[in-house]
Amino acid sequence: MSERETWATRLGFILASVGSAVGLGNIWRFPFQTAENGGAAFLVVYLVAVLVIGLPALLAEFVIGRRANVNAIDAFDRLDRPNWKVVGAIGVFAGFWTMAYYSVVGGWVIRYVYGSATGAYFGSPRDYFGAISTGPDAVALHLLFMATAVGIVAFGVEDGIEKATKVMVPSIIVLMIGLAGYAVTLPGGGEGYAFFLSPDVSVIADDYRSVVPAAVGQALFSLSLGFSVMITYASYIGDDENLGVDGVSIAAFNTFVGVLAGFVVFPFLFAQGVAVGDAGPGAVFVSVAAALGGLPFGRLLGVVFFGVVLIAALSSAISLLEVVTSYVVDNYEVGRAQTATGLGAVLFVGGVPSAMDIAWLDWFDTVAVNLLLPLAALGVVGFVGWVLAGEATDEIQQGTAGADGLSTVWLWTLRTVVLAAVAASLYLGVRELTAPPL
Ligand code: PFF
């Protein structure tokens with residue numbers, strides 16, 4: 001085995017993790033989850049879920065990764081708990097599974113960047129989406145997206161992922177702030193802010209059974225938890241790093257971009273009178289595209305908006321690919337570039353059904369988010385909380401002088417609230433699973 005790679009800088013690690021966290025989940029999934037689950041009320045529950053469930057779970061993955069210093073499966077061996085390897089394996093499998101269809105959506109986004117430039121979808125956004133989302137073109141763009149992700153991962157942790165995300169994450173933030181600034185000027189956008197920002201507490205009281213699990217699921221997915229990404233990324237950092245501060249920064253950045261996406265999407269939609277509840281995999285594409293058609297500078301805005309979505313999707317996709325690549329590179333005598341290419345080829349084939357039929361894409365997504373994610377997260381949280389226990393608090397205290405009290409609070413939060421919330425998400429998620437659309 002060759003010398004294991006590391007991040008060049010602490011900022012590099014933080015930006016790569018933010019790059020993974022900020023993705024389609026923030027810009028596409030978050031606004032529509034908000035729309036479907038009562039608007040501002042959902043925002044409040046989501047913010048609480050990030051703080052109370054997402055952040056402790058993120059730190060749990062960091063603890064495993066940094067303590068073991070190896071890929072997410074062998075980590076459990078390294079921590080002398082080989083039976084728990086299955087948890088890592090589920091996470092790695094979940095990442096592999098997700099990447100196959102995430103890349104198809106990435107292909108749609110590429111299509112929308114140049115579709116915006118030519119105004120292709122302005123006439124009939126719904127028909128346009130229907131026409132481009134499946135079929136040979138969708139397969140070709142899925143291949144292009146996958147090949148780009150492979151290209152970055154092939155260059156390695158420092159020269160590929162770190163360098164790429166150092167440019168990508170600041171661009172996402174600057175462009176989103178620009179779009180949000182533009183949105184403020186829209187006549188009629190005010191209602192959008194009201195919808196997003198004035199919580200109707202009765203929604204939480206009446207619908208907590210659906211709002212709470214949706215918010216917990218969104219918090220986990222959005223922080224890239226349960227797919228072994230944060231375990232893998234943390235395996236490339238040094239022992240003197242303050243995990244608590246890193247975790248808080250990453251969660252804060254990620255939430256900031258999600259909220260910022262709300263500040264863009266809702267005024268856009270309300271200004272154009274487009275229905276916010278129009279959900280499903282086509283949501284952002286159909287509704288935002290419909291809104292863009294009527295806005296001044298619609299084409300330019302479209303290129304910028306979908307450009308941001310593309311960068312965000314790509315920086316998440318490379319993290320998914322890295323999880324598996326890291327496992328193979330750690331275990332076999334294969335180079336990183338060959339590994340990434342070989343995996344990319346398999347993933348490309350795995351994504352073809354989703355690129356041919358949207359029912360497959362929907363099914364892959366549901367299995368990932370309702371089953372694989374909470375299952376792996378449950379394993380991680382249970383393992384760190386109850387099995388690693390004292391070792392976990394030791395680990396988190398390294399580089400975090402004087403935080404003994406906080407680390408105990410963290411451990412008990414993991415053991416109780418987080419474990420219960422993730423178990424409940426798993427239970428509710430599994431009940432919604434359906435058979436594959438054969
Ligand atoms: N966090 C990403 C998003 O919000 O789009 C999605 C994601 C990426 C989930 C990577 C899991 C993951 F491992």
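As the structure lists them, so they are numbered: ligands from 1, and atoms in each ligand from 1.
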With heavy atoms of Asn26 as the reference, note each atom of ligand 1 found under 4.0 Å away. 4 (O)
Aromatic centroids of Tyr193 and Phe263 separated by under 6.0 Å: yes
Over 60° means perpendicular and under 30° means parallel, so tell me whether Phe383 and Phe76 are parallel, tilted or perpendicular. perpendicular
Atoms of ligand 1 close to Ser319 [distance to a heavy atom under 4.0 angstrom, numbered from 1]: 10 (C)
In this structure, does ligand 1 have an atom that sits under 4.0 Å from one of the heavy atoms of Tyr102? yes
Should Ala21 be counted as touching ligand 1, given the test is an N or O pair under 3.5 Å? yes
Considering distance alone, does some N or O of Ser222 sit under 3.5 Å from an N or O of ligand 1? yes
Between the side chains of Asp74 and Asn331, is a donor N or O closer than 3.5 angstrom to an acceptor N or O? yes
Gly25 to ligand 1: N or O pair under 3.5 Å? yes
Enumerated ligand 1 atoms positioned under 4.0 Å from heavy atoms of Ser20: 1 (N), 2 (C), 8 (C), 10 (C)
Find all atoms of ligand 1 within a distance of less than 4.0 Å from any non-hydrogen atom belonging to Gly23, and give their numbers and elements. 3 (C), 4 (O), 5 (O)
Check the pair Asp207, Asn37 against side-chain hydrogen bond (donor to acceptor under 3.5 Å, both in side chains), reporting the backbone distance first and the verdict last. CA-CA 8 Å; Asp207 296 332; Asn37 289 290; over 6 Å; no
Looking only at side chains, do Asn71 and Thr232 share a donor and an acceptor under 3.5 Å apart? no
Can the ring centres of Tyr128 and Tyr112 be said to be less than 6.0 Å apart? yes
Could you find the nearest protein heavy atom to atom 13 (F) of ligand 1 and give me its residue, atom name and distance? Val229 CG2, 2.8 Å
Salt bridge Glu395-Arg66, side-chain N to carboxylate O under 4.0 Å: yes
Of all heavy-atom pairs linking Val369 and Arg29, the shortest is CG1-NH2, 3.8 Å
Are any of the N or O atoms of Leu320 closer than 3.5 Å to those of ligand 1? no
For Gly95, state whether at least one heavy atom is located under 4.0 Å from any atom of ligand 1. no
Run Ile110 and Phe306 through side-chain contact (heavy atoms from CB on, under 4.5 Å) and show every step you take. CA-CA 8 Å; Ile110 299 179; Phe306 288 108; over 6 Å; no
Give yes or no for whether the N/O distance cutoff of 3.5 Å, strictly under, is met between Phe221 and ligand 1. yes
Would you say Ser224 has any N or O atom under 3.5 Å from an N or O of ligand 1, going by distance alone? yes
